[in-house]
Amino acid sequence: MKAIGIDIGGTEIKAGIVTEKGKILKEIIIETNSYYGKKKLISNLERIIRKLDSKSIKAIGIGFAGDVDSKKGQIVQSPNIQCMNKVFLVKELKKKFRKKIFLQNDATLMTFAEALLGAGKKYKIVVGLTAGTGIGSGIVINKQIYSGRDNLTEIGHTVINFFGPKCSCKNNGCLEQYVGIKALMKITEIRMEMHNSKLKKMWPLTPKKVDTAAKKGDKVAKAILKETGAYLGIGLTNILHFLNPDAIILGGGLSNSNILIKEAKKEMKKRAFKRVKNTKILKPKFKNKAGIVGAGLLALKAH
Ligand SMILES: [Zn+2]
């Protein structure tokens with residue numbers, strides 16, 4: 001059996017035909033361009049589905065970067081794709097396609113793919129964290145998505161500093177304010193101005209450039225990654241103490257910097273209870289395709 005998996009992020013829409021074994025057979029990537037509005041985005045989705053569709057495909061899974069109501073098939077709120085706020089996406093697409101369509105949060109689907117067939121497949125309790133602009137998260141227990149009462153599990157918005165910067169969710173000092181790509185870039189800009197760093201010549205900056213500079217010995221870049229890693233370590237410790245999972249999968253930009261990950265693990269070992277501190281911290285097997293695979297698998301399993 002095969003299904004269409006679609007991963008809608010703030011920057012790109014990635015889609016493909018996904019097999020039961022998690023293989024992507026055909027892939028389409030387009031820019032999200034959410035500033036063109038809801039109608040354009042939905043018509044782009046329709047175009048993608050038509051290109052991937054065939055008689056053998058009975059179901060479509062969609063991951064969306066934001067708060068989604070899976071039961072109603074509705075996007076409740078999305079800070080990065082605001083034109084889709086309150087849209088009943090499943091209903092809109094069902095007007096054109098006679099398929100079963102499922103909607104879920106994108107980070108949850110990344111975790112789902114990894115827990116079923118990826119880095120976490122040997123484990124029962126798997127947590128996923130993924131760094132995009134902010135921090136997304138998902139929980140999968142015994143191969144089932146744990147969605148709580150409202151399909152809202154947001155580890156990125158757990159507070160790690162009571163006096164920290166204001167977050168879009170109205171809290172202060174959320175994990176996302178310290179560890180997401182946006183946060184990393186903010187810290188980098190401040191530090192770069194304060195110190196004489198090679199980073200100044202590398203504008204516009206990306207997390208990858210900061211990591212490369214650190215590897216080449218740039219002290220400021222290294223200090224930034226270590227600091228961010230330590231904050232991530234606090235976040236990981238909270239997850240360990242709250243859920244006692246078997247494994248935590250770190251996706252997105254988070255998993256790409258070994259300096260950051262090493263520091264996060266060090267901080268976690270320093271803080272966590274002895275019996276939980278050997279929890280596996282893993283990189284995603286499906287890398288940046290985990291969202292497509294998870295969306296496809298959701299459609300195949302729920303179908
Ligand atoms: Zn927050």
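In this text the structure is predicted, and so the values were computed from the model without any measurement. FYI, side chains are in, hydrogens and waters are out, and symmetry mates aren't considered; it's all heavy atoms of this structure. In each ligand, atom 1 is the first atom listed, and ligand 1 is the first ligand listed.
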Self-check item: Pair Thr32, Ser34: side-chain N/O donor-acceptor within cut-off below 3.5 Å
Solution: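 On atom types as modelled, these side chains do not qualify, holding no pair under 3.5 Å.
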
Exercise. Scan for side-chain hydrogen bond (donor to acceptor under 3.5 Å, both in side chains) pairs involving residues 157-173, sequence neighbours excluded, and state none if there are none.
Key: His157-Glu176, Asn161-Tyr178

Quiz item: Taking all atoms of both residues into account, what is the closest heavy-atom pair of Ala107 and Gly136, and its distance?
Solution: CB-C, 3.5 Å

Exercise. Please list, in chain and residue-number order, the protein N/O/S atoms closer than 2.8 Å to the Zn ion (ligand 1).
Key: His157 ND1, Cys167 SG, Cys169 SG, Cys174 SG

Quiz prompt | Partner residues of His241 under the ring-ring contact (aromatic ring centres under 6.0 Å, His included) criterion, sequence neighbours left out | solution = Phe273

Quiz prompt | Residue list, salt bridge (Lys or Arg N to Asp or Glu O under 4.0 Å) with Glu12, at least two apart or on another chain | solution = none

Quiz item: Are Asp211 and Lys215 close enough for a salt bridge, meaning some N to O gap below 4.0 Å?
Solution: yes

